[in-house]
Number of protein chains: 2
Amino acid sequence: MHKENNLTKNQQIVLDLIEKSKEPVKAYSILSNVKKRGINAPPQVYRALEKLIKIGKIHKVESKNAFVVCKNTNCEVSNATAFSICQACEKVTEIINSKLSKYLKSFQDNTGMKYKKYNLEFFGLCQKCKSK
Amino acid sequence: MHKENNLTKNQQIVLDLIEKSKEPVKAYSILSNVKKRGINAPPQVYRALEKLIKIGKIHKVESKNAFVVCKNTNCEVSNATAFSICQACEKVTEIINSKLSKYLKSFQDNTGMKYKKYNLEFFGLCQKCKSK
DNA sequence: CTACATAATGTTATATTATAACAAATTTAA
DNA sequence: TTAAATTTGTTATAATATAACATTATGTAG
Ligand SMILES: [Zn+2]
Ligand SMILES: [Zn+2]
Ligand SMILES: [Zn+2]
Ligand SMILES: [Zn+2]
């Protein structure tokens, strides 16, 4: 909502919109909601999204092709993300759990590949949906 | 390659194609490659993919919108998947690691949400690309 | 066996997500 | 300054996925 440093006008407009939303926002939903602010076409939105992802301000929820603000002060560069996704109401929450991130950041598979980045998505029922 | 039980003709054709491929296959690549076998339109491919995913024969690699055969005899229902993805050559490998899956299957976040399913994608450089 | 209901498959059309290609404007740095 | 480089705007199109309905196959009651 407030002016962030080093962001262009379009990036700020897109970030503001994602921040205001309670749920993940899709690119074309962003587009239609920012047309009144002078963003006219998909590439303008996708370029802003790309930059915001790169600097860790937002994340893409891959299974939903939607975007959320980062809730984690530590993942400035967006290289270690985890989400909890309700299969009923589609609520998405970023998981902030240092044990989990520590475990995954240091994970080594048997091929010796060293990981720079991971994205984890958990699916289940949230409290509200469980009790229905 | 060999006839699987309980699969329809289209499901078998699509599965065969994905099994033959060394790399993740995209839906429209599948479509163009199975036209000679009588599959003509996207819904036929997507329905087959949906079923194959449900029974755990294949997985979707979300970050690539592509499909791979399951390499893990244990994830019959596809509810616990992990992949390693090379950012250079795009090679994708299913990670089969019982410690990892045990850890993630029993993971609890602070909201008390109980997870039924997860998908984890690691990114980095594979051995071959690292040494270039 | 029919005749009807149900489910599965085929087909056409369209919706949704994302990027290519180029033009115009802005910024940078000789 | 002015030419190059980068960023932004714009048009067009590519790539991914599903809706809607027609057709065919399968199952079930009479
Ligand atoms: Zn984050
Ligand atoms: Zn819910
Ligand atoms: Zn698997
Ligand atoms: Zn590689």
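Heavy-atom basis, side chains included; hydrogens, waters and symmetry copies ignored. We name chains A, B, ... by the order of the sequence lines, and we start the count at 1 in each one.
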For the base of D:dA17, is there a side-chain donor-acceptor partner from B:Y28 under 3.5 Å away? yes
Selection from C:dT12, D:dT10, D:dA17 that lies nearest to any side-chain heavy atom of B:P43: C:dT12
Do the side chains of B:F67 and B:L52 get nearer than 4.5 Å, heavy atoms only? no
Could you tell me whether the phosphate oxygens of D:dA17, OP1 or OP2, come under 4.0 Å of any side-chain nitrogen or oxygen in B:N65? yes
Looking only at heavy atoms, what is the nearest atom pair of A:A27 and A:V45, with distance? O-CG1, 3.8 Å
Spacing between A:I39 atom CD1 and D:dT11 atom C1', to the nearest angstrom: 17 Å
Give the rounded distance in Å between these two atoms: CD of B:E50 and P of D:dT16. 18 Å
Between C1' of D:dT6 and CG of A:N10, the distance in whole Å: 15 Å
Note: A:E23-A:K91 ion pair, threshold 4.0 Å (strictly below): no
Write down the distance between OH (A:Y46) and P (D:dA12), rounded to a whole number of angstrom. 19 Å
Write down the distance between CG (A:L49) and C1' (C:dT17), rounded to a whole number of angstrom. 12 Å
Ring centroid separation B:F83 to B:F122 under 6.0 Å: no
Is the distance from OP1 or OP2 of C:dT16 to the nearest side-chain N or O of A:K26 less than 4.0 Å? no
Expressed as a whole number of angstroms, how long is the span from B:K9:NZ to C:dG10:C1'? 11 Å
Starting at the 5' end of DNA chain C, which residue's closest nucleotide do you reach first, A:P42 or B:P42? B:P42
Which of these nucleotides, C:dT11, D:dT10, C:dA18, is closest to any side-chain atom of A:R47? D:dT10
Does the side chain of B:K60 get closer than 4.0 angstrom to OP1 or OP2 of D:dA17 through an N or O atom? yes
In whole angstroms, the gap separating C1' of C:dG10 from CD1 of B:I13 amounts to 13 Å
Could you check whether any side-chain heavy atom of B:I55 comes within less than 4.5 Å of a side-chain heavy atom of B:L7, counting everything from C-beta outward? yes
Return the value, rounded to whole Å, for the distance between atom CG of A:L7 and atom C1' of D:dT7. 15 Å
With a cut-off of less than 4.0 Å, is there a side-chain N or O of B:Q44 near OP1 or OP2 of C:dT9? no
Should B:N40 be listed as having a side-chain N or O under 4.0 Å from OP1 or OP2 of C:dT11? yes
